[in-house]
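Single-structure report; data block below.
Letters A, B, ... are given to chains in the order of the sequence lines, protein chains preceding strands, and every chain is numbered from 1.
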2 protein chains.
Amino acid sequence: MPSVDTTDARILLALDDDPDATVLGLAGTLGLARNTVHARLRRLRESGALGAPSRRVDPAALGYPLLALVTLSISQSQTAETTAGIAGIPEVVEVLATTGDGDLLARVVARDTRDLHRVGNLVLAVPGVLRSSTVIVLEEVLPATVVPLLQRAARG
Amino acid sequence: MPSVDTTDARILLALDDDPDATVLGLAGTLGLARNTVHARLRRLRESGALGAPSRRVDPAALGYPLLALVTLSISQSQTAETTAGIAGIPEVVEVLATTGDGDLLARVVARDTRDLHRVGNLVLAVPGVLRSSTVIVLEEVLPATVVPLLQRAARG
DNA sequence: GGCAAGGTTGAGCACCGTGCTCAACGCCGG
DNA sequence: CCGGCGTTGAGCACGGTGCTCAACCTTGCC
């Protein structure tokens, strides 16, 4: 079912290893023809498996060194407006809807703890937000990666 | 204090809007000289504000359509081995160390709910893991973005 | 007021990667 | 046995890159 086969996985692995690698370079290191890599990359992009390259901007460099996770319980009657309100807060950089006692998980950045408190109040002020629970992220133990999944796919 | 000024923010915004934009194109749309954009991008990259372009691979296309969040309490005596063990599980795609009653938050993908159960047991089997609480992500309400922060920085 | 420094700008340069097309080859399934 | 599909090598025009240089304008300082 996975639309990516062994060769695709190897290409994606090599690309993850060196995001700036050129199609020509990939073909060389993988022992494939340039056209093959080109065609497969095009298929991966069109199938949606490979998203547009996202330029990662470090929030810390923008003056927001603090990262926190805010679990939210929201009123079930007006979820759309509530989620929109939360997503509209600039410091909220990601929102996930989840099962469980919390309904939303928001990833929030802040300039410092005082600023985090301010943002927390902003979130609580959004209509429909019932409760919120904030934890501070101390360390990114494992940065987001799909490499192990790709390695498994590469072995077939 | 932020090492990025108004012009930097505008460049990063344009780059976020079109990740495949060329230096030449950016210079055109922003009304800057090619050399200027070039120099600032180099500084941003060297300062670490702009990370290497990460090719986003959709886990769903790899056969892992399910995303879950696992909150973990771990024994404080052997945190290093425990976190390493958790990070070593292929389905674990991200791990954050947090304050609060849970010590770790793991982002986990799975093929289906049965598979998620299996992965949950894998996590629990890691020495040092005391408790775990799993919630399933129903929807990405707001995909990760720093655009609002950049817009604020762009206005100065 | 004048001076030095840093950022910006325009120009020019050689190099290389891109996206594409074409034709030929090999493999697998019908 | 034959048709289709993916791979491969070749070739081609185009354009972006990274770099250097010199000139300019601002900013801050003496």
A:His38 NE2 to D:dC12 C1', straight-line distance once rounded to whole Å = 14 Å
Tell me: CZ of B:Arg34 to C1' of C:dG10, nearest whole Å?
-> 10 Å
D:dG6 C1' sits how many Å from A:Leu32 CG, rounded?
-> 12 Å
Value in whole Å for how far the P atom of C:dG10 lies from CG of B:Leu24 | 12 Å
Do you know the tightest heavy-atom contact between B:Arg152 and A:Pro90?
-> NH2-CG, 3.4 Å
Is the base of C:dG19 touched by the side chain of A:Arg45 through a donor-acceptor pair closer than 3.5 angstrom?
-> no
Please give, in whole Å, the distance from C:dC16 C1' to A:Asp20 CG?
-> 15 Å
Please check if A:Val108 and B:Val141 belong to a single hydrophobic cluster, counting links between Ile, Leu, Val, Met, Phe, Trp and Tyr side chain heavy atoms closer than 4.5 Å.
-> yes
So, are A:Arg107 and A:Glu91 salt-bridged, with charged N and O less than 4.0 Å apart?
-> no
Are a donor atom and an acceptor atom from the side chains of A:Ser54 and B:Ser54 found within less than 3.5 Å of each other?
-> yes
Can you find a donor-acceptor N/O pair under 3.5 angstrom joining the side chain of B:Arg43 to the base of C:dG7?
-> no
Donor/acceptor link under 3.5 angstrom from A:Arg42 side chain onto base of D:dG6 = no
When the distance from CG of B:Asn35 to P of D:dA23 is rounded to whole Å, what number comes out?
-> 16 Å
